[in-house]
Enquirer: 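Here it is, the structure, as structure tokens.
Naming convention: chains lettered A, B, ... in sequence-line order (proteins, then strands); numbering from 1 in each chain.
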Number of protein chains: 2
Amino acid sequence: MDSEQKKYSIGFRVWIKEENGHYLGRGRITLLEQIKTNGSITKAAKAMQMSYRQAWQMVEDMNKLSNNILVEKILGGKGGGGAKLTKAGEEAIEIFYLLEEKIKNYTEKLSKEINL
Amino acid sequence: MDSEQKKYSIGFRVWIKEENGHYLGRGRITLLEQIKTNGSITKAAKAMQMSYRQAWQMVEDMNKLSNNILVEKILGGKGGGGAKLTKAGEEAIEIFYLLEEKIKNYTEKLSKEINL
DNA sequence: TTTGGATATGCTTTATAAAGCATATCGATA
DNA sequence: TATCGATATGCTTTATAAAGCATATCCAAA
């Protein structure tokens, strides 16, 4: 009847803030996953084509804003060192995914109601 | 009992996509409002410290992706011309605010459930 | 006590999105 | 038909976040 022809959908980004700054977003969660997989910040950064500089800074920021650090640094050792996720780090990933998922479902529901 | 001390909240951004690209987000809605207030793209851009170039491009993009244009351009006339919102433009603002509001409420609800 | 590969960090370079500049064009009004 | 302040658009410059480079430091293991 009317001339609606274009199709619209809803996009979103979500993140968790702490009083002193950005805490967790998509990028940081991906970094955590890569650290988990690769066992070091260096390798994680390389894997996601990010500079070590930035990856290291992200880890630093996250750890500062968390109640319990998410990434544990290992200096020395037979491999020269590395980094691994703490329990809190693993949980952070879970929590963030759940959050994202819920909002995704909600926006999909909303997009059906919207009439542009 | 446990050592939870930091306070977390959820931040988000939402936008409306059309198949051929980004359609409406915070920035564009603000621009629409400024055009409504100021009656021209030039003045709207100035008011929000945005370059005319960019503001004009945004209007162009929005109009291309909408079923009915959101901004009507006026060339010539006693003031030399200007721009004003169409009915669809006014509605777009309403719809976007409603969308943002609903998601805001939902994230606030979710933030209470989250335990970091 | 040497080795190794990682963490840690200052400094320089680069990439690119945004801004800025210049100028042509538009057309209702008076 | 001259005017006016806006729209329209190519081209150049700038700002700045990200990347890249260089190098010092760390310490468990062998």
Enquirer: Taking the six-membered ring for Trp, are the ring centroids of B/Phe12 and A/Phe12 within less than 6.0 Å of each other?
Expert: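 Between A/Phe12 and B/Phe12, which both carry aromatic rings, the centre distance is not below 6.0 Å.
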Enquirer: B/Gln34 CD to D/dA6 C1': how many Å, rounded?
Expert: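 So the two atoms are 17 Å apart, to the nearest Å.
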Enquirer: Let me check something: do A/Ile93 and A/Leu24 share a hydrophobic cluster, defined by ILVMFWY side-chain heavy atoms less than 4.5 Å apart, either directly or through other members?
Expert: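 Yes.
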Enquirer: Is the phosphate of D/dA6, meaning OP1 or OP2, less than 4.0 Å from a side-chain N or O of B/Lys73?
Expert: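 False: B/Lys73 side-chain N/O out of range (4.0 Å or more) of D/dA6 OP1/OP2.
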Enquirer: Just so I know, are the side chains of A/Leu85 and A/Glu72 near enough to count as touching, which here means a heavy-atom distance under 4.5 Å?
Expert: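 Heavy-atom side-chain distance check fails, nothing below 4.5 Å.
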Enquirer: Grab the CD1-C1' distance between B/Ile74 and C/dT29 for me, whole Å please.
Expert: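 Spelled out: CD1 on B/Ile74 to C1' on C/dT29 is 14 Å.
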Enquirer: Can you tell me the distance, in whole Å, between the CD atom of B/Glu72 and the P atom of D/dT7?
Expert: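 Going from B/Glu72 (CD) to D/dT7 (P), I get 12 Å.
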Enquirer: Strictly distance-based, threshold 3.5 Å: is any side-chain N or O of B/Asn63 a donor or acceptor partner for the main-chain N or O of B/Leu70?
Expert: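 Between the backbone of B/Leu70 and the side chain of B/Asn63 there is a qualifying donor-acceptor contact (under 3.5 Å).
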Enquirer: Would you say D/dG5 has OP1 or OP2 under 4.0 Å from some side-chain N or O of B/Ser40?
Expert: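 Answer is no, no contact under 4.0 Å.
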Enquirer: Going by distance alone, is a donor N or O of one side chain under 3.5 Å from an acceptor N or O of the other, for A/Gln57 and A/Tyr52?
Expert: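 A/Tyr52 and A/Gln57 do not have a side-chain donor-acceptor pair below 3.5 Å.
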Enquirer: With hydrophobic residues grouped by side-chain heavy-atom distances under 4.5 Å, do A/Trp15 and A/Tyr23 end up in a single group?
Expert: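 In one cluster with A/Trp15: A/Tyr23, no.
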Enquirer: Using only side-chain N and O atoms of B/Thr42, determine if any of them is under 4.0 Å from OP1 or OP2 of D/dT7.
Expert: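 Checking B/Thr42 against D/dT7: at least one side-chain N or O falls below 4.0 Å of OP1 or OP2.
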Enquirer: Quick check: on DNA chain D, is the nucleotide nearest A/Leu75 upstream (toward 5') of the one nearest B/Gly80, or the reverse? Name the residue that is more 5'.
Expert: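 Of the two residues, B/Gly80 wins.
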Enquirer: Within this structure, what is the NZ-to-C1' distance between A/Lys84 and C/dA6, rounded to whole angstrom?
Expert: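 Rounded to the whole Å, the gap is 16 Å.
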Enquirer: Round to a whole Å and report the spacing from NZ of A/Lys43 to P of C/dT7.
Expert: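 So the NZ-P distance, A/Lys43 to C/dT7, works out to 9 Å.
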Enquirer: Pair B/Leu116, B/Ile114 - check side-chain contact (heavy atoms from CB on, under 4.5 Å), show working.
Expert: CA-CA 6 Å; B/Leu116 286 160; B/Ile114 278 179; 3.8 Å; yes
Enquirer: Where along residues 24-32 of chain B does a heavy atom come under 4.0 Å from DNA chain D, residue by residue in number order?
Expert: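 Contacting residues: none.
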Enquirer: Would you say B/Tyr97 and B/Glu33 are linked by a side-chain donor-acceptor pair, where the criterion is simply a distance under 3.5 Å?
Expert: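 Their side chains do contain a donor-acceptor pair, which is all the 3.5 Å distance test asks for.
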Enquirer: Going by heavy atoms closer than 4.0 Å, what residues in residues 48-61 of chain B are next to DNA chain D?
Expert: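 Heavy-atom contacts with DNA chain D come from B/Tyr52, B/Arg53, B/Trp56.
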Enquirer: Measure across B/Asn20 and B/Leu65 and return the closest heavy-atom pair with its distance rounded to 0.1 Å.
Expert: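 The pair with the smallest heavy-atom distance is CB-CD2, 4.0 Å.
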